[in-house]
Novice: 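So that we are looking at the same thing, I have put the structure below in structure tokens.
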Amino acid sequence: TELEGFDITFRYTGLFNREPGAYDGTEMLDDVSSLDYKVEKSFPNYLLSFTIRDILDNEFEYIPNYSSSGLEYFITLQYRP
């Protein structure tokens, strides 16, 4: 979606019914889902972006006993020569 020079993006990611691998033990792994939001604005030689990752603030384990994710905010200024 674009609004007066702003590029707005929503992205949903999901991994479901994750079976353990050879090194993960025997427990099923957590389902993973994330909803991300990004707003970008281009300027001459620059790209400014604001990103919110995991708007739903889900916490899960990518591998057993290693929690990750949760709500994150980023502001990025990228130089483009």
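Note that the numbering runs from 1 along the sequence shown for the chain. Owing to the predicted nature of the structure, the values given are computational and were not obtained by experimental measurement.
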Novice: Would Asp36 and Arg53 pass as an ion pair if we require N to O under 4.0 Å?
Specialist: no
Novice: Side chains of Tyr46 and Pro44: does their closest heavy-atom pair fall under 4.5 Å?
Specialist: no
Novice: Kindly check if the number of other-residue, nucleotide or ligand heavy atoms within 6.0 Å of CD1 (Ile75) is above 12?
Specialist: no
Novice: For the atom pair OG (Ser49) and CZ (Phe6), what is the distance rounded to the nearest 0.5 Å?
Specialist: 12.0 Å
Novice: Give the minimum heavy-atom separation between Glu4 and Lys41, together with the two atoms involved.
Specialist: O-NZ, 4.0 Å
Novice: Considering all heavy atoms of both residues, which atom of Arg80 and which atom of Leu47 are nearest to each other, and what is their separation?
Specialist: NH2-CD2, 3.1 Å
Novice: Taking side chain to side chain contact (heavy atoms under 4.5 Å, CB included) as the test, write out the residues that go with Ile52, two or more places apart.
Specialist: Tyr37, Phe50, Ile55, Leu71, Tyr73
Novice: Which value, rounded to the nearest 0.5 Å, describes the distance between Ser33 atom OG and Leu15 atom CG?
Specialist: 9.0 Å
Novice: Working to the nearest 0.5 Å, report the span between OG of Ser34 and OH of Tyr12.
Specialist: 8.5 Å
Novice: Check step by step if side-chain contact (heavy atoms from CB on, under 4.5 Å) holds for Leu35 and Thr13.
Specialist: CA-CA 7 Å; Leu35 179 63; Thr13 305; over 6 Å; no
Novice: Determine whether Phe74 and Tyr79 fall in the same hydrophobic cluster, where Ile, Leu, Val, Met, Phe, Trp and Tyr are linked whenever their side-chain heavy atoms lie under 4.5 Å apart.
Specialist: no
Novice: Tell me every residue that passes salt bridge (charged side-chain N to carboxylate O under 4.0 Å, His left out) with Lys38, counting only those two or more places apart in sequence or in another chain.
Specialist: Glu40
